[in-house]
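Here is the structure we will look at.
Throughout, a chain's letter reflects where its sequence line sits, starting with A, and its residues are numbered from 1. No hydrogens, no waters, no symmetry mates; every other heavy atom, side chains included, goes into these values.
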Amino acid sequence: MADACIEWYDRNARDLPWRVPGTSAWAVLVSEVMLQQTPVVRVEPAWRSWLTRWPTPAALAADTPAEAIRMWGRLGYPRRAMRLHACAVALVERHGGEVPDDLDALLALPGIGTYTARAVATFAYGRRHPVVDTNVRRVVARAVNGLPDAGPTTTAADLVETAALLPADDARAARASIAFMELGALLCVARSPRCADCPLVARCAWRAAGAVPAQGPSRRPQGYAGTDRQVRGLMMAVLREAHGPVPRPRLDAVWPDEVQRARALAALVTDGLVEPVTDDATHFVLAGDRPPPATPV
DNA sequence: CAAACGTGGTG
DNA sequence: TCACCAAGTTT
């Protein structure tokens with residue numbers, strides 16, 4: 001299975017900048033964090049801008065979280081920008097500004113979880129680890145287990161199952177992992193998979209079973225309009241564009257419901273994305289963007 | 001462990 | 001139009 005996927009990958013892989021040989025581990029790490037729940041097409045330009053401005057962890061660590069949040073733009077989940085900044089600080093403090101290749105050291109970094117740690121160790125350093133994301137889980141669920149889709153989250157069993165598919169050779173195992181992911185992203189997609197072009201079609205357990213579609217509603221609360229998340233997003237957009245401290249009324253203008261506004265703003269402060277400039281909380285800034293105190297003469 | 005966490009494109 | 005989906009992590 002791995003061989004067929006690698007062969008397909010070699011001919012059909014997208015030409016993505018973070019896959020270019022010689023890409024730094026930091027650049028790979030940044031790409032992986034940006035790609036958490038955000039489509040490739042939106043990540044590409046943001047990734048280029050980010051790495052141009054902050055080519056190393058030390059460069060980012062020397063800047064403010066606010067600048068990271070601004071550079072993050074509209075990628076979504078701005079807490080990822082916060083954590084990426086915190087990650088850069090941790091890399092400087094704990095690893096001399098280098099990205100470690102050790103799984104446990106990677107997992108201990110802010111914003112780096114099971115998937116990202118393995119992705120960095122594998123794609124930046126060629127280590128042999130199962131790399132399991134939503135694409136891989138879908139491919140394995142279908143091709144190996146004959147199911148229409150994978151479960152909602154990655155389990156320990158998923159890691160074991162995927163590890164069993166990896167070639168013995170480290171470099172080839174890494175290639176297999178990226179091939180599984182690419183297959184899930186381009187052909188074995190969630191809706192209307194392109195089985196006709198799939199290198200696994202002849203041995204796919206799901207196809208063999210008749211490619212029965214998933215039953216029942218996928219029941220996930222994906223709604224966005226009217227949620228606190230939307231209100232937070234609107235407020236963050238105002239703060240990103242602002243130069244100086246933003247007066248509370250400008251944040252209030254983004255949403256009619258006062259109760260919800262207050263809740264959203266309080267949550268942003270609690271999360272550390274936003275800070276009140278003064279104790280009276282009449283003005284707000286992005287994290288770390290507090291203006292310097294007036295220098296006494 | 002379920003829920004929270006942005007944003008925009010698409011069938 | 002609107003529900004679904006996109007290289008997850010944290011609490």
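- A donor N or O paired with an acceptor N or O is not found under 3.5 Å between the base of dG8(C) and the side-chain atoms of Thr134(A).
- Taking a 4.0 Å limit (strictly below) on heavy-atom distances, residues 142-153 of chain A does not reach DNA chain C anywhere.
- Qualifying side-chain contact (heavy atoms from CB on, under 4.5 Å) partners for Pro100(A), counting only residues two or more places apart in sequence or in other chains: Leu91(A), His95(A), Ala105(A), Leu106(A), Leu109(A).
- In terms of polar N and O atoms assigned as donor or acceptor, the side chain of Arg191(A) never comes within less than 3.5 Å of the base of dG11(B) in a complementary pairing.
- For residues 104-122 of chain A, there are no salt bridge (charged side-chain N to carboxylate O under 4.0 Å, His left out) pairs, not counting sequence neighbours.
- Residue contacts for Trp18(A): at a heavy-atom cut-off of 4.0 Å it reaches a base atom on one of the strands shown.
- When side chains are defined from C-beta on, Trp72(A) counts as touching Trp50(A), because their heavy atoms get closer than 4.5 Å.
- Within 4.0 Å of Ile112(A), counting heavy atoms only, lie sugar-phosphate atoms of the nucleic acid but no base atom.
- One can place CG of Asp271(A) at 8 Å from P of dC5(B), the figure rounded to the nearest angstrom.
- Following rounding to the nearest Å, Asn135(A) (CG) and dA6(C) (C1') show an atom-to-atom distance of 9 Å.
- A heavy-atom distance below 4.0 Å to DNA chain C is reached by these residues of residues 114-130 of chain A, ordered by number: Thr114(A), Tyr115(A), Thr116(A).
- Residue contacts for Thr154(A): at a heavy-atom cut-off of 4.0 Å it reaches no nucleic acid atom on any strand shown.
- Comparing the P positions of dA7(C) and dA3(B) gives an interatomic distance of 23 Å, to the nearest angstrom.
- Checking side-chain atoms of Glu44(A) against main-chain N and O of Pro17(A) turns up no donor-acceptor pair under 3.5 Å.
- Contact annotation: Arg232(A) side-chain N/O to dG6(B) OP1/OP2 distance is under 4.0 Å.
- Using C1' as the reference atom, dT1(C) and dG8(B) are 16 Å apart when rounded to the nearest Å.
- When rounded to the nearest whole Å, the span between CG of Leu273(A) and P of dT9(C) equals 18 Å.
- Checking side-chain atoms of Thr23(A) against main-chain N and O of Arg19(A) turns up no donor-acceptor pair under 3.5 Å.
- Remark: side-chain polar atoms of Ser31(A) are not paired, donor with acceptor, to backbone N or O of Trp18(A) under 3.5 angstrom.
- Of the residues in residues 163-185 of chain A, those lying under 4.0 Å from DNA chain C by heavy-atom distance are Met181(A), Ala185(A).
- Residues from residues 27-37 of chain A with heavy atoms under 4.0 angstrom of DNA chain C, sorted by number: Glu32(A), Leu35(A), Gln36(A), Gln37(A).
- As rounded to whole Å, 12 Å separates atom P of dT10(C) from atom CZ of Arg80(A).
- Other cluster members for Val274(A): Ile69(A), Met82(A), Val231(A), Leu234(A), Met235(A), Met236(A), Val238(A), Leu239(A), Val246(A), Leu251(A), Val254(A), Trp255(A), Leu265(A), Leu268(A), Val269(A), Leu273(A), Phe284(A), Leu286(A), joined by side-chain heavy-atom distances under 4.5 Å among Ile, Leu, Val, Met, Phe, Trp and Tyr.
- Looking at heavy atoms from C-beta onward, Leu159(A) lies in side-chain contact with Thr114(A) at the 4.5 angstrom threshold.
- If you measure from atom CD1 of Ile69(A) to atom C1' of dG6(B), you get 13 Å, rounded to the nearest angstrom.
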Anything under 3.5 Å between a donor and an acceptor, one on a side chain of residues 195-203 of chain A, the other on a protein residue two or more places apart or in another chain? List them.
| from | atom 1 | to | atom 2 | distance (Å) |
| --- | --- | --- | --- | --- |
| Asp197(A) | OD2 | Arg194(A) | NE | 3.4 |
| Asp197(A) | OD2 | Arg194(A) | NH2 | 2.8 |

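- The hydrophobic cluster analysis finds Val212(A) isolated: no Ile, Leu, Val, Met, Phe, Trp or Tyr side chain comes under 4.5 Å of it, directly or through other members.
- Across all strands shown, Arg263(A) has no heavy atoms under 4.0 Å from either base or sugar-phosphate atoms.
- Closest to the Arg42(A) side chain, of the nucleotides dT7(B), dC5(B), dA7(C), is dT7(B).
- Contacts of Gly113(A) with the nucleic acid, taken as non-hydrogen atoms under 4.0 Å apart, involve only primed sugar atoms and P, OP1 or OP2.
- With hydrogens and angles disregarded, no donor-acceptor distance shorter than 3.5 Å links the side chain of Arg94(A) to the backbone of Val89(A).
- Shown here are the salt bridge (charged side-chain N to carboxylate O under 4.0 Å, His left out) partners of Glu98(A), two or more places apart in sequence or in another chain: there are none.
- With sequence neighbours left out, Arg191(A) forms a salt bridge (charged side-chain N to carboxylate O under 4.0 Å, His left out) with no residue at all.
- Atom-to-atom, CG of Leu84(A) to P of dA7(C) comes out at 19 Å; the value is rounded to the nearest Å.
- A close approach under 4.0 Å does occur between a side-chain nitrogen or oxygen of Arg138(A) and OP1 or OP2 of dA6(C).
- Nearest to the side chain of Arg83(A), among dT10(C), dG8(C), dG9(B), sits dT10(C).
- Nucleotides of DNA chain C nearest to Arg19(A) and Leu109(A) differ in position, and the one nearer the 5' end is that of Arg19(A).
- Using a 4.0 Å cut-off, no side-chain N or O of Tyr77(A) falls inside it from OP1 or OP2 of dT9(C).
- In this structure, Leu186(A) places its CG atom 13 Å from C1' of dA6(C), rounding to the nearest Å.
- Applying the side-chain hydrogen bond (donor to acceptor under 3.5 Å, both in side chains) rule to pairs touching residues 235-251 of chain A yields Arg248(A)-Asp252(A), sequence neighbours excluded.
- Residues Pro39(A) and Ser192(A) each lie close to DNA chain B; by heavy-atom proximity, the contact nearer the 5' end of the strand is made by Pro39(A).
- The nucleotide whose nearest atom lies closest to any side-chain atom of Tyr224(A) is, among dT7(B), dA7(C), dC5(B), dT7(B).
- Rounded to whole angstrom, the span from the CG atom of Leu265(A) across to the P atom of dC5(B) amounts to 14 Å.
- Contact of the Trp26(A) side chain with the Leu51(A) side chain is registered, since non-hydrogen atoms from C-beta on lie closer than 4.5 Å.
- If you check every strand for non-hydrogen atoms under 4.0 Å, Leu268(A) touches nothing.
- A donor-acceptor pair is defined here as one N or O able to donate and one able to accept, closer than 3.5 Å; no such pair exists between the side chain of Trp47(A) and the backbone of Val40(A).
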